[in-house]
Each structure stands twice: as C-alpha cells, then as structure tokens.
Asks: 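Structure in structure tokens, see below.
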Amino acid sequence: MALTEHIIMRELEVPTIADFNVYLQHEGYTAWRKALAELAPGDIVKMVRDAGLRGRGGAGFPTGVKWGFLPKDVKPRYLLCNCDESEPGTFNNHQIIDRNPHQLIEGVIISAYAIESNTAYIYARGEFATAAHTLEQGIAQAYAAGLLGKNILGSGYDLDVYVHRGAGAYICGEETALMESLEGKIGQPRLKPPFPAVEGLYGKPTIINNVETLANVPRIVLKGVDWYRSFGTEKSPGTKVFSLCGHVNKPGNYELPFGLPLRELIYSPEYGGGMTDDRPVKIIVPGGASAPWLTGEQLDLTLDYEALAAAGSMLGSGGVIVLNDTVSAPHVAYKMDEFFKHESCGKCTPCREGTHWLVKVLHRMTEEGHAHPEDIPVLHSIYNQMAGNCFCLLGESAVMPIKSALALFPEEFERLLPAGMNGRTNGKHVIELQQA
Amino acid sequence: MSEVNIIIDGVQISVPANTNVVDAARMAGIAIPVFCYHPRMKAVGMCRMCLVAVGTPRIDRETRQPVRDVEGKSVIAMMPKLQTACTTRVSEGMVVYTTTDEVKYAQNGVLEFLLTSHPLDCPVCDKGGECPLQNLTMEWGPAVSRFDYTDKVHFEKPIPLGDLIYLDRERCILCGRCVRFQDEIADDPVLGFDSRGRSWHIISKSDPPFDSKFSGNTTDICPVGALTSADFRFKARVWEVQSVPSICMLCPVGCNTTLDMRHNKLMRVMPRENAAVNDIWICDKGRFGHRFIESTDRLTTPLVRRDGALVPASWQEALGLVAEKFAAIQSAAGGAALGGLAGDHLANEDLFIFQRLFREVLNSNNLDYRTGTPGEPTPDDAGAQFGVGTGTNLMELGAGTTVLVVGPTRKKKHHSICCGCEPLRSGGASCLLPMPAQPNLTARQRGGCTIAPRRKSSLCAVCCGWCGTRSAARTCHSAPLVLPN
C-alpha cells in the first residue's frame with residue numbers, strides 16, 4: 001500500500017523538484033506566501049500543534065507544543081535546524097536535502113516566522129559538504145526571489161538563514177551540544193535546565209527541530225490539518241521517511257504513513273523487497289543504534305511511536321536496521337558500542353569510561369576470542385552502572401545494544417566463554433604442542 | 001535570603017534557598033562525595049559522583065497544592081532518575097536520600113569507572129595522602145577492580161603544562177576543575193580541553209603555555225595527582241610534613257599561608273583559608289617564590305666590621321653593638337638624628353614593632369618605607385590623605401562599592417586582589433582594573449577601562465582629587481581605593 005501522494009519524498013512524483021523553478025511550479029513557496037498573507041505566527045503554531053506533528057529526530061515530541069514553550073516577548077530568539085544526522089542506520093536527512101531541498105528551506109522559513117525569529121541556522125554535520133552546498137544554493141535562490149532577507153514580500157518581516165557545518169561529531173546532534181558547537185565551543189552537551197526554549201543559543205530562547213520535522217511544515221500549512229491527519233495514526237499522524245538497511249533486498253529511504261507493520265516495510269516489493277537469500281530476520285533495530293532491539297518474532301509490530309514504545313523499543317530516528325540469522329548478536333553489540341565509544345564526548349564519567357570498558361570486553365570476546373569467565377556479569381554491571389547515570393542521552397543510548405543483545409541472545413555470549421577450561425581461552429588461539 | 005526546609009536522609013534542616021544539595025547536605029552533617037564540584041565554582045554535574053535520590057512534594061495539578069496522604073503528610077514524588085546533587089537546588093519540602101542501594105550502586109559504579117582508566121600509581125604520586133580519589137574510593141568505592149589491567153589507556157607520563165605545572169593525563173579524571181578555576185576565578189582562561197571521549201584531555205591554550213599568575217592553585221583543587229607543581233614534585237610525602245601557619249609578605253595583600261616543613265626545611269607554601277583576605281587561593285609568586293630562603297648567598301649569621309673587615313659575630317654581640325651606637329647618637333644629637341627605613345616586604349606586625357622602637361625607645365619620628373620617584377603621587381599618597389580604613393575585609397564589600405586596583409598589569413597584578421575580584425563582583429561590587437591596553441586581555445580583566453602606559457600616577461592624582469571632594473571616601477587598604485558609587 002504505497003502512498004499515492006508523498007509529503008516529504010515528493011521527488012517520487014516530481015523527479016526534478018530539487019530545481020528551484022520546478023519547485024515553484026509545484027506549489028513551491030505557496031505555503032510561505034499564504035503564511036505571510038493570511039496567517040499570524042500563532043496560527044501556524046496552532047496548525048502544527050493540531051496536525052500532531054511530532055519531532056522526527058528521535059524523541060517524537062510534539063513540535064507545536066515545543067514551540068509553545070518559548071517565553072513571551074524575549075527577543076531575539078533563534079530557530080535551529082538539526083541536520084547533524086549521524087545516527088547509525090539513519091540516512092534520510094541527506095536524501096531530503098539532495099532531492100527536495102527547497103521544501104526544507106521553506107519549512108525553516110515558515111517555522112522561523114511561526115516562532116517570531118529573525119535568524120535561523122541549519123547545522124549540517126561536517127561530512128555533509130554537498131548537502132550544505134545544495135542548501136546554500138537554495139537559500140541564495142530564495143534570497144534572490146525575495147522570499148528571504150529584509151522586508152520579505154513587503155510584509156515587514158525579516159529573516160536570515162545561515163548554513164553552518166560542524167566538524168563531524170555525533171554528539172553535536174544533541175541539541176545543547178549543537179548550540180555549543182554553533183557558538184564555536186567544544187561540542188559537548190550543556191546542563192539542563194535551562195532548556196533551549198528558555199535559554200539556548202547565545203543564551204536566548206531557541207527552538208531546535210530535525211530536518212524532516214521542518215520539511216513537513218510547508219505541507220501542513222498549505223494543505224491543512226485535516227489533510228495531514230488523513231495520513232498515519234491518531235497519535236502519530238503523518239508519514240515518516242524510514243531508512244531501511246541491513247540484509248534486505250532493497251535498502252533505501254521509504255516514506256510510509258505511520259502505523260504500517262514492520263513486516264510490510266521489510267517484505268513489501270515496494271519497500272524492502274524481502275530479506276536477502278530469504279534468510280529469516282534475527283534482529284531489528286527500529287530507530288537507529290540507540291533503539292532497543294526487536295526480533296524476527298515482532299514483525300507484526302506497527303511502525304508508530306506508541307506501538308514501538310509499548311514493545312519496549314522506540315521509533316527513534318526511523319533508521320531501521322534489519323539483520324538476518326548469519327550475524328552474531330555479541331558482534332553487532334560490539335560494533336554498535338564501538339560507535340558510541342568513538343563518539344562519546346568524554347564529559348561525564350559513566351559514558352566516557354563505560355563505553356570504553358564495554359568495548360574492551362566485547363572486543364576481547366568477539367574479535368580476540370579469549371573471553372574471561374566473569375565477562376558476562378561484568379557486561380551486565382557496566383551497562384547497569386551507566387543506565388540513568390549519564391549526563392546526556394549518548395551514554396544512555398550506548399546501553400541499548402549491549403543490554404538488548406544480552407537480554408535477547410544470552411546463549412551467544414555464553415558460547416564465547418572459555419569452554420570448561422581454566423585458561424582464558426576458548427581454544428581459538430591455542431598453540432598446538434608439537435609432537436616430539 | 002529566604003530559607004527552605006528539606007529532609008536529607010531523615011535529617012530535617014532549613015537552608016537558604018538556592019543552596020545546592022551537596023552544600024545543604026554538608027550543613028546537615030552528611031557528606032556527598034564529589035569530584036568536579038567545588039564550592040567556589042559553578043556546578044557542572046560532569047563527574048556524576050554526587051548522584052542522589054531526590055523527591056519533591058507532589059503538587060495537585062488543579063489546586064496547585066501539595067497532595068497529602070491520610071496522615072496529612074505531603075506525598076513525595078521521587079524523580080525517576082538519580083540526580084546530581086551539585087546541580088540540584090533545594091526546594092521546599094524536598095526529600096533527599098544519599099544512602100539507598102540505588103545511590104550506593106551508582107556511586108560505586110562511578111568510582112569503578114574512574115579507576116578503570118586511573119593508573120593507580122599512588123606509591124609514586126605526590127597527591128598520595130591528600131588525594132580525594134583515594135579518600136572517596138576508601139569510603140564509597142569498590143574493594144577490587146574488575147578491569148583488565150592490560151586495557152588501561154596510556155599517555156606519555158607527565159608533560160609540562162607550563163613552566164610550573166606538570167600534567168599527568170593518565171591520572172586525570174577530567175573533572176575540569178582546573179579549567180574552570182582559570183576561567184571563573186583566576187580570570188585567565190588559558191586552559192581548555194582537546195579531543196574527545198577517553199582521549200579527552202587538558203591542554204594549555206596560551207603562549208607561553210599556562211600563562212597565569214595563579215596556576216599553582218590548580219594543583220590544590222585537582223582531586224587527583226594529575227596536576228603537580230615543578231616546585232614540590234617528589235620533594236616530600238605529605239604525611240611527613242609539619243604545617244606552620246604564616247603570612248605571605250611578597251606583596252601588600254598579606255595572604256594567609258601554611259608553610260609545610262620537613263626536617264625544618266621548607267618544602268612548599270600552601271594557601272590558608274581566610275575569607276577576609278585570600279579566601280583559599282594564593283598567587284604563584286607567593287607559592288613558588290620561596291627558594292631564596294635556602295639561597296647560599298644569604299647571610300646566616302650577623303657580621304660585624306672589625307679592622308675594616310666583616311667578621312661573623314653572635315646575635316648578642318651584634319645587637320649589643322647596634323644598641324650601643326644608637327644610644328651614643330641619641331645622647332649626642334637627640335632622637336631626630338636617627339631614622340628608620342623599613343622594607344616593604346614586612347608584615348604589619350613587624351612594622352608596628354619597628355615604629356614603636358623608633359618612636360618610643362629612640363624618640364624618632366623619621367620613618368619611611370616609600371619607593372619611587374620623589375614628587376610623584378603614588379597610591380600610598382591616597383593612604384596618607386585619607387588614612388587606612390578600619391575595615392580591611394575585601395570580601396565584605398558588596399553592592400554600592402567600587403574597587404579601583406591601581407597599577408595592575410598583566411605581568412604584575414595585585415595578585416590575590418585580582419583573584420578576589422570575581423567574588424567581589426558576584427557580591428555586587430564593581431572592580432576596576434585599569435591597565436595599559438595589551439593583547440590577550442579580556443574586557444572583564446581590564447574592568448572595562450584602558451589607560452595609557454605609565455599614566456598610573458596621573459590616574460592616582462585624579463582619583464585622589466576626586467575623592468578629596470567627597471567626604472565619605474575611605475580607603476580600605478594601601479593599594480586599592482574603595483570609592484562610593
């Protein structure tokens with residue numbers, strides 16, 4: 001049941017929509033013109049809230065509600081677009097910017113107007129050189145068309161949009177670390193409270209939204225709340241661009257209305273097209289590496305915030321990693337925690353030392369083949385000592401792969417332990433004694 | 001300031017609003033272990049050592065009143081996660097638990113984590129014996145390490161962070177106290193961090209490296225042996241030294257110090273807390289400028305000139321000779337023929353005795369201590385004009401006062417006064433540190449004003465004249481003038 005009309009991936013209907021003129025011909029900037037002519041900022045906030053748009057960055061927090069947290073009459077205030085997409089298994093932001101950049105720019109403009117901000121920043125991760133260039137070009141075209149800048153379309157409203165490239169750190173996708181980085185400081189999370197809506201960039205009220213979230217805004221404003229709510233579920237309205245990867249025949253970005261079962265995303269010929277070599281699904285990581293794992297028995301779970309939360313996982317960034325039965329769960333946990341260890345900023349002890357220790361133990365077990373007999377209880381206690389005690393969510397996310405792997409596939413870890421031998425080896429590295 | 005009532009581990013206590021939970025617990029006699037938190041600096045909640053369970057009264061959404069149980073007690077809603085006590089401010093009715101199993105597990109976990117990357121080289125570490133990491137591990141930490149010793153991270157052992165301070169990155173637990181001290185208290189933001197994760201480490205950002213007059217304080221507040229001073233490194237074990245209270249005499253501030261002696265030799269100078277003078281800090285001049293004591297060029301015995309040559313003599317003999325000559329001059333030409341020049345490194349107490357000797361015993365009023373060009377107004381003239389005020393507690397100066405520090409430069413600040421400027425400012429006083437324009441100087445360090453080089457005396461003259469027209473002017477110290485706003 002593919003969508004006949006896409007909200008985000010409109011390049012499927014209009015293949016050249018990345019071109020500014022083509023975008024203009026297909027309702028491009030109509031929403032912005034409509035907003036300026038007919039809608040007060042508060043009306044747009046209300047529309048977004050009524051549409052039930054939820055943050056696509058991972059937490060799924062209602063966007064309109066977030067916008068409502070801004071203190072009244074404190075100016076300047078800033079809009080930040082979080083384009084530091086770094087979650088393993090997530091790659092939709094890049095495609096949105098590559099294929100449909102003007103819709104994002106229009107979304108940034110309308111959202112900035114809605115929160116009464118005159119400055120917006122798009123923070124792109126360091127590796128997004130091409131994307132940043134595309135955005136800069138698109139922004140220049142919007143300036144040239146009078147859709148940005150001073151006194152936009154004679155309305156008296158001014159807005160400047162800047163693209164800032166980070167230096168390639170996962171932590172800079174954390175909203176407060178992103179602001180630190182944007183201010184030119186070392187990318188590390190700030191203490192909360194104060195929350196960004198009250199005291200954010202340069203100490204001013206700041207709203208920070210994901211690329212996909214903002215790209216939804218022009219369509220909501222143009223087509224209305226009821227149209228938007230005709231997609232998805234009651235509590236998770238709209239669509240989501242899922243990044244599907246792993247052992248599927250057709251990995252890629254697919255826009256689905258919320259509420260379709262995982263099975264459809266993986267097996268439908270329009271989406272994943274089934275598993276490679278028809279092997280069974282073993283592990284599904286439904287929301288990027290930070291999400292707790294699901295198994296092949298949970299294919300009927302629906303892809304919406306509520307159903308996945310009820311199953312103990314989360315929709316997260318929508319990066320769906322599907323792995324078949326050829327993978328070793330400890331090895332997957334090792335690779336994922338290796339990522340978190342590499343990206344840990346070092347600010348707080350449990351994350352800095354915990355990820356380091358986790359990876360040391362997992363490396364020893366999976367790569368070197370000489371696990372210590374006490375390694376499994378040690379792994380359990382490392383993640384338990386991290387969970388809930390870290391400064392920001394990076395450390396909490398690092399808990400998920402190892403906790404899931406140990407909960408779902410304990411026997412695979414036990415198999416790595418030394419088999420009844422005194423020594424610290426499973427036999428893999430034993431040097432054969434030569435016969436005299 | 002208003003007080004709030006909280007309960008910590010069953011102890012009911014009333015503390016000023018805005019207190020954080022670590023300090024509140026301390027007032028209740030309960031210790032919460034900390035590494036990154038320091039009472040003189042902003043809390044950052046980085047080390048996670050002070051995790052505690054915190055609950056607040058549940059508030060009814062409609063009535064906005066606390067929900068009460070059948071006995072009329074307010075129902076406490078515990079926060080879902082443990083909170084860092086250093087960043088949590090007390091609120092009315094707050095309940096804190098510092099000894100639950102969950103808290104103990106977290107504290108034990110944080111210490112175990114810290115020790116996984118710590119080299120545990122206590123036997124050769126200068127901090128051994130006065131090390132918070134050792135102490136907290138004894139009280140709150142695990143008894144054994146489960147970390148494979150071969151997995152330790154290794155760095156080059158100590159690297160010079162500057163001329164005076166060595167950094168051992170293996171020992172560093174990355175609490176950031178040193179960086180924040182330089183930032184918030186010394187006002188020389190010359191330290192920073194580099195890299196990330198387990199490779200995160202302290203660096204100096206200045207050229208020359210660690211260019212600060214207060215760098216030694218970072219070795220005091222370092223909770224491990226990561227920062228050690230070139231001066232004290234490998235000189236003594238701290239449990240072998242005897243601490244003698246003293247006063248630093250290298251500038252007019254008179255910081256309170258402790259002299260750590262071993263076998264009657266001076267090993268190191270440490271700050272001694274005195275909220276009215278230097279708080280808990282001293283400058284590097286006071287801390288490291290003590291090698292002259294052991295100098296072989298110093299006289300160790302009095303010398304008396306006999307037949308044109310100086311020969312060693314006993315104190316009795318030397319003092320007897322001086323007394324005899326003074327008496328002879330006084331009886332021949334009167335006390336006015338005698339004069340006393342005191343060194344400017346003497347303490348007030350020494351100067352007091354010195355002037356009594358001249359005024360009361362020798363009947364002479366010829367006393368001076370000034371240096372500089374004759375005829376030029378100096379900061380001391382202000383003292384002469386207005387007298388020294390009775391109150392010399394710098395830290396008591398709050399809103400409504402302006403402190404003018406005369407003659408500070410980047411190289412020669414009035415050391416601890418500059419150090420004390422931040423507390424003064426936070427108390428509401430304005431601090432002016434007019435300095436010649438120099439690179440690498442923040443507006444905050446200059447106090448927002450710049451003066452031309454060598455125009456210090458003109459500034460003093462202007463200020464003295466200005467003060468003269470205001471009767472309320474009083475001086476607080478010979479160096480800083482305290483002017484009403």
Side-chain angles (χ1 to χ4, degrees), chain A residues 167-172 177 185-194 338-361 363-364 368 370-372 374-375 377-392 394-396 398 424, chain B residues 35-36 42-53 79-84 86-89 102-103 105-118 142 144-153 172-176 179 192-203 205:
Chain A
Y170 174 68
I171 187 62
C172 291
K185 300 174 190 155
I186 196 163
Q188 290 191 332
R190 289 180 188 169
L191 200 63
K192 287 191 270 192
E338 169 70 33
F339 169 82
F340 288 114
K341 175 212 145 190
H342 184 260
E343 296 297 338
S344 169
C345 79
K347 185 166 184 166
C348 77
T349 310
C351 176
R352 178 182 69 234
E353 308 294 347
T355 53
H356 181 79
W357 191 1
L358 269 181
V359 167
K360 285 281 181 191
V361 174
H363 185 266
R364 189 165 65 215
E368 297 171 34
H370 42 99
H372 298 182
E374 68 283 1
D375 273 349
V378 166
L379 285 173
H380 277 290
S381 87
I382 298 173
Y383 76 71
N384 274 320
Q385 285 172 179
M386 291 169 70
N389 296 342
C390 297
F391 191 94
C392 78
L394 195 157
E396 309 292 336
R424 295 183 158 191
Chain B
F35 284 113
C36 69
K42 283 187 203 113
V44 287
M46 281 162 60
C47 74
R48 320 303 286 172
M49 191 61 225
C50 63
L51 288 167
V52 290
M79 294 189 191
K81 286 190 197 175
L82 298 179
Q83 302 293 310
T84 44
C86 68
T87 60
T88 307
R89 306 247 174 217
E102 196 191 1
V103 172
Y105 186 75
Q107 289 171 337
N108 197 78
V110 171
L111 268 166
E112 183 170 27
F113 282 143
L114 286 173
L115 295 175
T116 60
S117 59
H118 194 78
V144 290
S145 173
R146 296 180 294 170
F147 190 75
D148 193 325
Y149 207 82
T150 55
D151 288 345
K152 295 263 180 193
V153 172
C172 180
I173 58 164
L174 297 165
C175 68
V179 177
F193 294 102
D194 198 14
S195 196
R196 71 174 182 225
R198 189 58 200 89
S199 308
W200 203 40
H201 61 270
I202 309 287
I203 51 160
K205 301 187 285 186

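Because only heavy atoms are used, hydrogens play no part in the values below, and waters and symmetry mates are left out as well, while side chains stay in. Every chain is numbered from 1 and lettered A, B, ... according to where its sequence line falls, protein lines coming before strand lines. Being a predicted model, the structure only gives us computed values, none of them experimental.
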Asks: Taking side chain as everything from C-beta outward and backbone as N, CA, C, O, which of these in A:Ile171 sits under 4.5 Å from a heavy atom of chain B? Side chain, backbone, both or neither.
Replies: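 Interface part for A:Ile171: neither.
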Asks: Can you tell me which of B:Ala43, B:Ser117, B:Gly197 forms the most heavy-atom pairs within a distance under 4.5 Å of chain A?
Replies: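 Between B:Ala43, B:Ser117, B:Gly197, the count favours B:Gly197.
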Asks: Relative to chain B, which segment of A:Cys390 carries a heavy atom at a distance below 4.5 Å: side chain, backbone, both, or neither?
Replies: backbone
Asks: For A:Arg190, is it the side chain, the backbone, both, or neither that has a heavy atom closer than 4.5 Å to a heavy atom of chain B?
Replies: neither
Asks: Using non-hydrogen atoms and a 4.5 Å limit, figure out which bit of A:Ser381 sits close to chain B: side chain, backbone, both or neither.
Replies: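 Both parts, backbone and side chain.
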Asks: Restricting to non-hydrogen atoms, name the atom on B:Ile173 and the atom on A:Arg352 that form the minimum distance, rounded to 0.1 Å.
Replies: O-NH2, 3.2 Å
Asks: To the nearest 0.5 Å, what is the distance between CG on A:Asn384 and OH on B:Tyr105?
Replies: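 One gets 4.5 Å once the value is rounded to the nearest 0.5 Å.
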Asks: Heavy-atom distance under 4.5 Å to chain B: side chain of A:Gln188, backbone, both or neither?
Replies: side chain
Asks: Quick one: are B:Thr116 and A:His356 in side-chain contact, heavy atoms under 4.5 Å?
Replies: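 Of all side-chain heavy-atom pairs linking A:His356 with B:Thr116, none is under 4.5 Å.
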Asks: Taking B:Arg196 for the side chain and A:His342 for the main chain, is one N or O donor matched with an acceptor at less than 3.5 Å?
Replies: yes
Asks: With sequence neighbours left out, what residues match B:Phe113 under ring-ring contact (aromatic ring centres under 6.0 Å, His included)?
Replies: none
Asks: Starting at CD of A:Gln385, measure out to CG of B:Asn108 and round the result to the nearest 0.5 Å.
Replies: 6.5 Å
Asks: Under 6.0 Å from the NZ atom of B:Lys42, do we count more than 12 heavy atoms belonging to anything else shown?
Replies: no
Asks: How far does NZ of A:Lys192 sit from OG1 of B:Thr87, to the nearest 0.5 angstrom?
Replies: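 Going from NZ on A:Lys192 over to OG1 on B:Thr87, the span is 13.0 Å.
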Asks: Can you tell me which portion of B:Ser195 sits under 4.5 Å from chain A's heavy atoms? Options are side chain, backbone, both or neither.
Replies: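 Backbone of B:Ser195 only, per the 4.5 Å heavy-atom cut-off to chain A.
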Asks: Rounded to the nearest 0.5 Å, what's the gap from NE2 on B:His118 to CD on A:Glu353? Could you check?
Replies: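 It comes to 11.0 Å.
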Asks: Which atom names give the shortest non-hydrogen contact between A:Phe391 and B:Val44, and what distance separates them?
Replies: CE1-O, 3.3 Å
Asks: Could you check whether any side-chain heavy atom of A:Lys360 comes within less than 4.5 Å of a side-chain heavy atom of B:Asp148, counting everything from C-beta outward?
Replies: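 With C-beta onward as the side chain, the pair stays apart.
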Asks: Do B:Gln107 and A:Asn389 come within less than 4.5 Å of each other through their side chains, counting heavy atoms only?
Replies: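 Counting from C-beta outward, B:Gln107 and A:Asn389 never come under 4.5 Å.
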Asks: Under 3.5 Å, side chain of B:Arg48 to main-chain N/O of A:Cys348, donor-acceptor pair present?
Replies: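 Pair absent, no side-chain N/O of B:Arg48 close to backbone of A:Cys348.
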Asks: Picking from B:Asp194, B:Leu174, B:Leu82, B:Val110, which has the most non-hydrogen pairs under 4.5 angstrom with chain A?
Replies: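 Option with the top pair count is B:Leu174.
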Asks: Is B:Arg198 reaching over with its side chain to a backbone N or O of A:Trp357, donor-acceptor style, under 3.5 angstrom?
Replies: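 No, because the side chain of B:Arg198 does not come within donor-acceptor range (under 3.5 Å) of the backbone of A:Trp357.
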Asks: Is chain B contacted by the side chain of A:Ala169, its backbone, both, or neither, given a heavy-atom distance below 4.5 Å?
Replies: both
Asks: Measuring only between side-chain heavy atoms, which start at C-beta, is A:Glu374 closer than 4.5 Å to B:Arg146?
Replies: no
